[in-house]
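First up is the structure itself, then whatever we jot down about it.
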Amino acid sequence: MEKVDKLDLKILGIISQNARIPFKDVAEECGVSRAAIHQRVQRLIKLGVITGSGYHVDPRAVNFSTCAFVNISLERASMCRQVATELEKIPEIVECHFSTGHYMLFVKVYCKDNEHLKNLLGKSIQSIEGVKSTETFISLEQTFTRTISVPVPEEEKKTRQTKKK
């Protein structure tokens with residue numbers, strides 16, 4: 001992967017706080033042209049540094065009130081990719097991670113209610129070839145979510161502190 005420079009970090013820091021900020025405002029804060037910001041953002045997308053943008057839908061607003069995390073144990077570790085491919089076909093699964101420990105896969109799911117979750121587990125997830133067992137944890141409440149904090153270069157911190165005074 002190409003190196004991310006100080007200007008890239010500054011841009012990422014700004015847009016990760018507000019994805020809707022106009023490029024002209026980012027350009028002004030960075031001291032470069034709007035075209036330069038546009039080119040940099042497109043490059044960061046192409047490099048895979050920026051992996052998405054868009055709106056986040058509150059699952060509860062569309063009647064998905066149950067959030068759960070499911071640990072999945074497999075018959076053989078070599079089945080991880082095969083099982084993950086099948087899990088990806090299940091629309092209620094919004095994240096899937098390979099993990100360490102007793103369980104090999106860890107997924108986050110949204111369901112309409114506990115009955116929906118029970119059916120998802122029994123009829124969809126546990127019926128996938130290679131799935132040995134599952135352990136499910138229901139989330140009672142999401143207290144916060146955030147993106148990773150982008151480190152600000154030292155000289156930029158000094159510049160921001162000077163502007164605040």
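- The nearest pair of heavy atoms linking Asn71 to Tyr103 is CB-CG, 3.3 Å.
- Remark: side-chain polar atoms of Thr51 are not paired, donor with acceptor, to backbone N or O of Gly48 under 3.5 angstrom.
- The two residues His102 and Ser73 have their closest heavy-atom pair at O-OG, 4.0 Å.
- Atom CD of Glu92 is separated from atom NZ of Lys112 by 8.5 Å, given to the nearest 0.5 angstrom.
- Taking 4.5 Å as the limit, some side-chain heavy atom of Glu75 sits within range of a side-chain heavy atom of Met79.
- Applying the ring-ring contact (aromatic ring centres under 6.0 Å, His included) definition to pairs two or more places apart or across chains, none involves residues 72-92.
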| message | I'd like to know whether Glu135 forms a side-chain contact (heavy atoms from CB on, under 4.5 Å) with Val70, so could you lay out the CA-CA distance, the side-chain angles of the two residues, the decisive distance to 0.1 Å, and finally the verdict. | response | CA-CA 6 Å; Glu135 183 177 16; Val70 183; over 6 Å; no
| query | Hey, mind stepping through Asp5 and Arg40 against salt bridge (charged side-chain N to carboxylate O under 4.0 Å, His left out) and telling me if it holds? | reply | CA-CA 10 Å; Asp5 65 18; Arg40 290 285 185 129; 2.8 Å; yes
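- In this structure, OG1 on Thr66 lies 6.0 Å from CG on Asp113, to the nearest 0.5 angstrom.
- Linking Ile, Leu, Val, Met, Phe, Trp and Tyr residues whenever their side-chain heavy atoms come within less than 4.5 Å leaves Val107 and Tyr110 in two separate clusters.
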| request: Mind running side-chain contact (heavy atoms from CB on, under 4.5 Å) on Ile72 and Leu87 for me, showing each step along the way? | output: CA-CA 11 Å; Ile72 302 170; Leu87 291 169; 3.8 Å; yes
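- When atom types are taken as modelled, the side chain of Asn119 and the backbone of His116 share no donor-acceptor pair closer than 3.5 angstrom.
- Taking SG of Cys111 as the start and CD1 of Ile138 as the end, the distance is 9.0 Å to the nearest 0.5 Å.
- Lys108 approaches Gln142 most closely through the heavy-atom pair NZ-OE1, 4.1 Å.
- Within 6.0 Å of atom CD in Glu88, 12 or fewer heavy atoms from other residues, nucleotides or ligands are found, so the atom counts as exposed in its surroundings.
- Taking CG of Asp58 as the reference point, atom CZ of Phe64 lies at 12.0 Å (rounded to 0.5 Å).
- When every heavy atom of Val150 is checked against every heavy atom of Leu9, the shortest pair comes out as CG1-O, 3.5 Å.
- Between the CG atom in Leu105 and the SG atom in Cys80 there is a gap of 4.5 Å [rounded to 0.5 Å].
- Annotation for Cys96 and Ala84: closest pair SG-CB, 4.4 Å, computed over non-hydrogen atoms.
- Under a hydrophobic clustering in which Ile, Leu, Val, Met, Phe, Trp and Tyr are joined whenever their side-chain heavy atoms come within less than 4.5 Å, directly or via other members, Ile90 and Val94 fall into different clusters.
- Proximity of a side-chain donor or acceptor of Ser127 to a complementary backbone N or O of Ser124 within less than 3.5 Å is detected.
- Sparse packing is recorded around CD of Glu129, with 12 or fewer heavy atoms of other residues, nucleotides or ligands lying under 6.0 Å away.
- The closest side-chain heavy-atom distance from Val49 to Asp8 is not below 4.5 Å.
- Between Gly13 and Gln17, the shortest heavy-atom contact is O-CG, 3.2 Å.
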| message | For a side-chain contact (heavy atoms from CB on, under 4.5 Å) check, start with the C-alpha distance between Leu121 and Val109, then their side-chain angles and the critical distance, and finish with the verdict. | response | CA-CA 10 Å; Leu121 290 168; Val109 303; over 6 Å; no
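- To the nearest 0.5 angstrom, Thr136 atom OG1 is 11.5 Å from Phe69 atom CZ.
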| request: Could you please spell out the steps behind the side-chain contact (heavy atoms from CB on, under 4.5 Å) verdict for Leu74 and Met104? | output: CA-CA 7 Å; Leu74 304 178; Met104 291 161 216; 3.7 Å; yes
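- Note: Phe106 and His97 have tilted aromatic rings, judged against thresholds of 30 and 60 degrees for the angle between ring planes.
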